[in-house]
Amino acid sequence: MAGSERDHACDDPARDHQPSSSPAPHKDAVGSNSVESTIAPHQRSVDQVLAALHTDWRSGLSETQARERLSQYGQNELTPEKPTPRWRKFAAQFKDVLVILLLIAALVSAASWLYERNSALPFEAMAIIAIVLVNAIMGYVQQARAEQAAAALQRMSTAHANVVRGGERARIPAAELVPGDIILIEEGDTVPADARLIESTSLQIAEAALTGESVPVAKDIDAISGEVALADRRNMIFNGSAATYGRGRAVVTATGMRSEMGRIADMLMQAPAEPTPLQRELDHVGKLLGAGVVAIAVVMIATILFVEDVRGFRAVIDVLIFGVALAVAAVPEGLPAIVTAVLSLGVQRMAQKRAIIRRLAAVETLGSATVIASDKTGTLTKNEMTARVAVTAQGRADFAGTGYDPHGKLSCDGGLLGDVLQAEVSWALTAAGCANNAVLVDHGGRWTVQGDPTEGALLVAARKAGLDPEELNRSFERLGELPFSSQRKLMSTVHADAERAERLLVFTKGAADALLARCSHERVGETAVALTAKRRAEILAVNDELAGEALRVLGVAFRSLPEAASAHRPFDDAVEHDLVFLGLIGMIDPPRVEAREAVARAKGAGIRPIMITGDHPRTAAVIARELGICDDGRAVTGAEIELMPDDVLDRTVREVSVYARVDPEHKLRIVKSLQREGMTVAMTGDGVNDAPALKTADIGVAMGVSGTEVTKQAADMVLADDNFATIVAAVEQGRAIFSNIRRFLRYLLSSNMGEVMTMFFGVLLTQALGLRAAGESGVVLPLAATQILWINLVTDGAPALALGVDPPDPGIMNQPPRPRGEGVITRRMWVGVFFVGAVMAVGTLLVLDLSLPGGLIEGTGTISHAQTMAFTTLVMFQLFNVFNARSDERSAFSGSAANPWVWGAVGFSLLLQAGVIYLPFLQEAFSTTGLSAGDWLLCAAVASSVLWLREASKLIGRLARARRG
Ligand code: ATP
């Protein structure tokens, strides 16, 4: 930091007055109670704040100090609401009306047992309560898993901050910041804590979240006298606000709940998580089905009570319990919880593939993405720049070597550079090395870059030309900077010239077209020659030519200013005029190896990849062609987009897949245009100004490595590796998750349909089935109430969950995207659900009839044996149906049947069924009797019909569709 800046900071005359609204954490931070230390940091000079916080602006806190302060002040977090105690979460499982009804039914059953004493224990009541308990535990576990996943999600997207600790720059989780830490802020960062600025390079901060002021505020370091509102504390930056321009260094004054954001955190935290469209749809379907099933149950109870000859208190109770059990079993009350669990599981899987989901809804939307609009640099390319060539007035110099290793010679046509060319190149690289914020680091022969890779490559080039960056810093002390922004596409720095004190030097680098517009001369040898129109055209032609070689090209220029200009600090872009053009530097940024394949995969999946870049149109088009994004080499520029009315742009986006030299506003227009064309758009972004486009896109994708905190917070998904291929992998996962949700929906709905239809027709057809004849009390039900509950438990449990983790279909990326707006349950799915339900009902009732005297088919069994047979058949139907549920079209035998969870769940369910049939106390509770091997075989044979018949119906469907073409 410039010491002079600190000297400017004025002391506050009202220093012994403590404003009521001022945060005074520094008082705590230094453990001092002196009057001085209680003054708000914005009212004090930088030195005073630093002294009060016992920190050093250059080296920051030591690790030990930071650790001590962390244990003293706690994590820099907005404390979450008090967690709900576990017992409450468990108790919440019993809130459902149907569960309450079931508990009442258990009580009534127990009371009737007390009255009649017809068994040793109230088995039925015990069974109902046990089932309610198991259901509640399952619900609780599922919810806990969903919550854990959500917490993991939050952990994955934690914010980071750049700090200086022990003299070293480091990137740490923002939660670990403490008062006294020195933080570095630059464009696109979210401010991680309240802090007092000690250095500002044109820093502008958007504080809308705190002050409601939508326009970014310019920040400086001067102390402010007197008490002022938050919005006017221009030397402070506040937790949760965002840097929109420039850079700064600040000392943390308040963290976590002590920050200004902490004061309003209660308000912020109350916003509940929005349900995803899928959750909303399922909630709706669940309610609809619930109402339908309850209506059916009521009708059935009424039918039995009024039409059948129901005599005695016990018989009435039986019928009521039966009705409640049916309603409980058939209402898919657990759907939203299971969906959340599956979505969250999917999110974890995606995280393993380096795609971090920030909003659950994105998982669903990803599956229907029809366009992936991606940046070029770093996403489709490696963002590992190597300068290859420098072109000045005198000619072209080539650089040898690869990567950031600064060893490599310069050559001209394979030989040495002439003196003039050497001097021109050297001056061009001096400019490139000075207007530069990157740092080259040598890890024992392995060289890396801290900062922007483009700038890193320029530093490497400067070294290859024999220039030493440290020497440059000494010769040209930096006085100011006009930071790079993707709108301006330029960056300038102003320096004092150690050799000629009477002048300042401005070095500018940036996109050649933008730069040339600000140049009036060109340096030729040692002199500056006025730029003619012809020469400008020549330079642009060289620029195009280099871009055509897939090079990223930057121009460099300089100018001198009289020393007196330093009085006009901070410098503004007025200094970027009348520049002297120095040359062009072309660097390669090779395409990512995996990007080409990912582009092909996306295309195969009916998704159109689009490149939107700030780079030159030719560079963009060449790389796009290399990657297979476009064949025609056509690229539309931001300037062209500006001239297009919306309807023309709509037509353009239908055909053109490469957009170059675009600003963030153009990105926004492109997204909107694609959406008007009916596309579902996944769009990447990294810069702070990309946030609106990311928010507008159906799936906003931020870069985890090079992206700014602001874009990450605006995004639905963050790429941990900035890689295009990761987006495609995430789309695949999104599709797989959606297809799994459909699988278990198909399964649950058809299973429930089977149960409801069996009961409904069983009651309706008591006469035909022989049930009437078998019953002594006049009313005999196809299944006992506890049996229905059992089936619900078995089917809603393991098999449904196992389907939720089925591996994706191998052909999932060969299908077109799911149409936007298509519900999760399609018409074809409903047809399948009714078909399977009907088969189950017919089969189960057939077995029931077969096992009873009378009815359509004469049998010999007791009512208890017949019910056990029907019960086992219905359970086995559910187990066979697991395999049907994989698809509405594909055969259950095609593709991989290799989900061990499904087989495990089926085996486990069969084991439980055997337990219910053979264990004496369970026999009592579930009114079952032991079955013979022949009985089991019969049940299995009938139950397997659902598999064969569904296979046949799928085959007919496939043939019919093939015929339709
Ligand atoms: P993408 O949008 O695909 O990430 P990009 O990185 O090229 O592409 P920008 O960062 O907006 O997009 O850069 C636009 C142009 O600005 C570049 O083509 C280059 O000419 C120039 N440029 C890039 N980085 C710098 C920099 N650090 N200093 C000066 N000019 C730069």
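Just so you know, these numbers come straight off a predicted model, no measurement behind them. Whatever order the structure lists them in is the order used to number ligands and atoms, beginning at 1.
Of the protein's heavy atoms, K376 N, 2.6 Å lies nearest to atom 3 (O) of ligand 1. From the protein, the heavy atom lying nearest to atom 28 (N) of ligand 1 is K509 NZ, 3.0 Å. Among protein heavy atoms, atom 4 (O) of ligand 1 sits closest to T377 CB, 3.6 Å. The nearest heavy-atom contact from the protein to atom 7 (O) of ligand 1 is R552 NH1, 2.5 Å. Among protein heavy atoms, atom 22 (N) of ligand 1 sits closest to F484 CE1, 3.3 Å. Protein heavy atom in closest approach to atom 11 (O) of ligand 1: S486 CB, 3.2 Å. Summary of contacts: the protein heavy atom closest to atom 1 (P) of ligand 1 is T613 OG1, 3.5 Å. Counting protein heavy atoms only, atom 19 (C) of ligand 1 is closest to L554 CD1, 3.6 Å.
For ligand 1, the atoms lying closer than 4.0 Å to a non-hydrogen atom of A511 are 20 (O), 21 (C). In summary, the atoms of ligand 1 found under 4.0 Å from a heavy atom of R661, numbered by their order in the structure, are 15 (C), 18 (O).
Some N or O of G614 is nearer than 3.5 Å to an N or O of ligand 1, by distance alone. Here's the thing with D452: one of its N/O atoms is less than 3.5 angstrom from an N/O atom of ligand 1.
The neighbour count for E477 CD, taken as heavy atoms of other residues, nucleotides or ligands under 6.0 Å away, does not exceed 12.
Side-chain atoms of S200 come within 3.5 Å of backbone atoms of K219 as a donor-acceptor pair (strictly under, hydrogens ignored). A donor-acceptor contact shorter than 3.5 Å is absent between the side chain of T711 and the backbone of G707.
With 3.5 Å as the limit, one finds a donor-acceptor pair spanning the side chains of R552 and T454. Checked by atom type, the side-chain pair T726/D721 shows a donor-acceptor distance below 3.5 Å. Side-chain polar atoms of N162 and R249 form no donor-acceptor pair below 3.5 angstrom. With 3.5 Å as the limit, one finds a donor-acceptor pair spanning the side chains of D544 and H616. Side-chain contact annotation: E665 with Q487, donor-acceptor N/O pair under 3.5 Å present. Side chain to side chain, N437 and E455 fail the donor-acceptor criterion of an N or O pair below 3.5 Å.
Within the structure, the closest approach of V553 to ligand 1 falls below 4.0 Å when heavy atoms are considered. Using a 4.0 Å heavy-atom cutoff, M611 is absent from the residues neighbouring ligand 1.
Here the shortest heavy-atom distance to atom 18 (O) of ligand 1, taken over V662, D615, I623, belongs to D615.
Between R601 and E597 there is no salt bridge, since no side-chain nitrogen of the basic residue lies less than 4.0 Å from a carboxylate oxygen of the acidic one.
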